[in-house]
Amino acid sequence: MSLPAGSTIGIIGGGQLGRMLAMAAARLGYRTIVLEPQPDCPAAQVANRQITSAYDDPAALAELAAASAVVTYEFENVPVAAAEALAAEVAVYPPARALDVAQDRVSEKTFLNGVGIATADFRPVDTDAELTAALKRFGGSGILKTRRMGYDGKGQRVFRNMEAGGFAGTCEAMGNVPLILESFVPFEREISVIAARGLDGAVAAYDPAENVHRHGILHTSTLPAGVKLETAEAARTAAAKILSALDYVGVIGVEFFVLSDGSLLANEIAPRVHNSGHWTEAACIVSQFEQHIRAVAGLPLGNPGRHSDCVMENLIGDDVLRVPALLAEPDLMLHLYGKAEARPGRKMGHFTRISRRV
């Protein structure tokens, strides 16, 4: 049963993704309440109300549950215990299990392999000796990452063609936290699929975007991606398989490496709306944000088809100074996030250039 108009949707997290979810909810006649410790956060600027408190504060969670008909979240590091506590009082989508899988890179890749989706080879690493052994197995090369909390290239160290030894102090330098070593993948390009699953089990998947990163941060997403039709369909099929296995409700982002033969290796999943899906605001009738609200509110999913080709580009730090020039361009949609201070590596907004499909 769908939520009636005027119902309140709770959103954990007050960043730009929460902002765009609140805007989409308002267009569909819903109110929103945001739980976020930072006052005047991007989402609170457009939501109906903010609870200014920590994500795991019991009193704040109880207040959120009491005020909401359903609760969702805008980032994948929501404490699992908090999501589980909320779920005892109010519907929470996506489910807490999706958070549990996505928050640990070893759990994530083990899950993906378990449902028949290939990934890069990987090894858990907790000590320098385990790192030495894993690098030896991977021919002296690999990417060492924190298993939890890394994003936008943070918490990573790259090893290339190194002798399998002499890594004393590496784990300490990484913070003495659980790590994972991933093998290098000889990929030709990176793509991602944004897909949604409704309360009724229906699935809608957008076309894959081709992504380019700079300094570990997404720079552009281009549609159409330069992949074969079979590769695009395989990516959508894999996303649908993940959604079903997690009994998922809402939008998910799934990132893939594309190999020279067109085959895919899954890189990671994000149980939320995703930066590489921002293009859907400009090039689709139903954006990823509206699709997510439709899903968690029990409404029919919208058509994920796009009416335009496009390139979405992030505005990072001082890139925001380009805004006046960008606004002078035709066929360009701009979205700024309401952040007062531009800092290096900080996402200040994005824009999407479209070209109509004939």
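FYI, side chains are in, hydrogens and waters are out, and symmetry mates aren't considered; it's all heavy atoms of this structure. This structure is a prediction, so every number in the text was calculated from the model and none was measured.
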Same cluster for [X] and [Y] if Ile/Leu/Val/Met/Phe/Trp/Tyr side chains link at under 4.5 Å?
X: Ile51; Y: Phe75; answer: yes
X: Val185; Y: Val193; answer: no
X: Leu223; Y: Met333; answer: no

Contacts under 3.5 angstrom, residues 40-49 side chains, donor-acceptor by atom type, not counting sequence neighbours:
from, atom 1, to, atom 2, distance (Å)
Gln45, OE1, Arg19, NH1, 2.9
Gln45, NE2, Asp40, O, 3.4
Gln45, NE2, Gly338, O, 3.0
Asn48, OD1, Thr32, N, 2.9
Arg49, NH2, Glu63, OE2, 2.3

Electrostatic pair [X]:[Y] at N-O distance under 4.0 angstrom:
X: Glu182; Y: Lys145; answer: yes
X: Glu233; Y: Arg236; answer: yes
X: Lys228; Y: Glu230; answer: no

Can you check whether [X] reaches [Y] side chain to side chain, under 4.5 Å on heavy atoms?
X: Phe111; Y: Ile117; value: no
X: Glu130; Y: Cys171; value: no
X: Ile12; Y: Leu64; value: yes
X: Glu76; Y: Glu108; value: no
X: Val258; Y: Glu190; value: no
X: Ile217; Y: Lys347; value: yes
X: Leu315; Y: Leu336; value: yes
X: Val251; Y: His274; value: no

message: Can a side-chain donor-acceptor contact be found between Asp331 and Ser355 if the only test is distance below 3.5 angstrom?
response: no
- request: Answer yes if the side chains of Gln16 and His350 hold a donor-acceptor pair under 3.5 Å, and no otherwise.
  value: no
task: Name the orientation class of the two ring planes belonging to His278 and Tyr337 (parallel below 30°, tilted from 30 to 60°, perpendicular beyond 60°).
output: perpendicular
How long is the straight-line distance from [atom2] of [Y] back to [atom1] of [X], given to the nearest 0.5 Å?
X: Glu313; Y: Leu218; atom1: CD; atom2: CG; answer: 10.0 Å
X: Ile242; Y: Ile252; atom1: CD1; atom2: CD1; answer: 5.5 Å
X: Leu327; Y: Arg322; atom1: CG; atom2: CZ; answer: 11.5 Å
X: Thr231; Y: Asp261; atom1: OG1; atom2: CG; answer: 8.0 Å
X: Asn113; Y: Phe122; atom1: CG; atom2: CZ; answer: 5.0 Å
X: Ile293; Y: Ile9; atom1: CD1; atom2: CD1; answer: 4.0 Å

Return yes if some donor-acceptor pair links the side-chain N/O of [X] with the main-chain N/O of [Y] below 3.5 Å, else return no.
X: Gln50; Y: Gln38; answer: yes
X: Glu255; Y: Asn267; answer: no
X: Ser7; Y: Pro4; answer: yes
X: Arg105; Y: Ile180; answer: no
X: Thr280; Y: Gln288; answer: yes
X: Ser308; Y: Cys310; answer: no
X: Thr52; Y: Pro39; answer: no
X: Gln291; Y: Gly302; answer: yes
X: Thr110; Y: Val106; answer: yes
X: Arg197; Y: Tyr248; answer: yes

Write down the atom of [X], the atom of [Y], and the distance for their closest heavy-atom approach.
X: Leu264; Y: Ala118; value: O-CB, 4.2 Å
X: Thr352; Y: Trp279; value: OG1-CA, 4.0 Å
X: Pro271; Y: Leu99; value: CG-CD2, 4.4 Å

message: Restricting to side-chain contact (heavy atoms from CB on, under 4.5 Å), what partner residues turn up for Pro300, sequence neighbours left out?
response: none
- prompt: Do Tyr93 and His292 have ring centroids that are under 6.0 Å from one another?
  reply: no
task: Please check if atom CD in Glu329 has more than 12 non-hydrogen atoms from other residues, nucleotides or ligands closer than 6.0 Å.
output: yes
message: Using a 6.0 Å cut-off, check whether atom CZ of Arg31 has over 12 heavy atoms from anything other than its own residue.
response: no
statement: The complete set of ring-ring contact (aromatic ring centres under 6.0 Å, His included) pairs with one or both residues in residues 187-209, sequence neighbours excluded, reads Phe187-Phe257
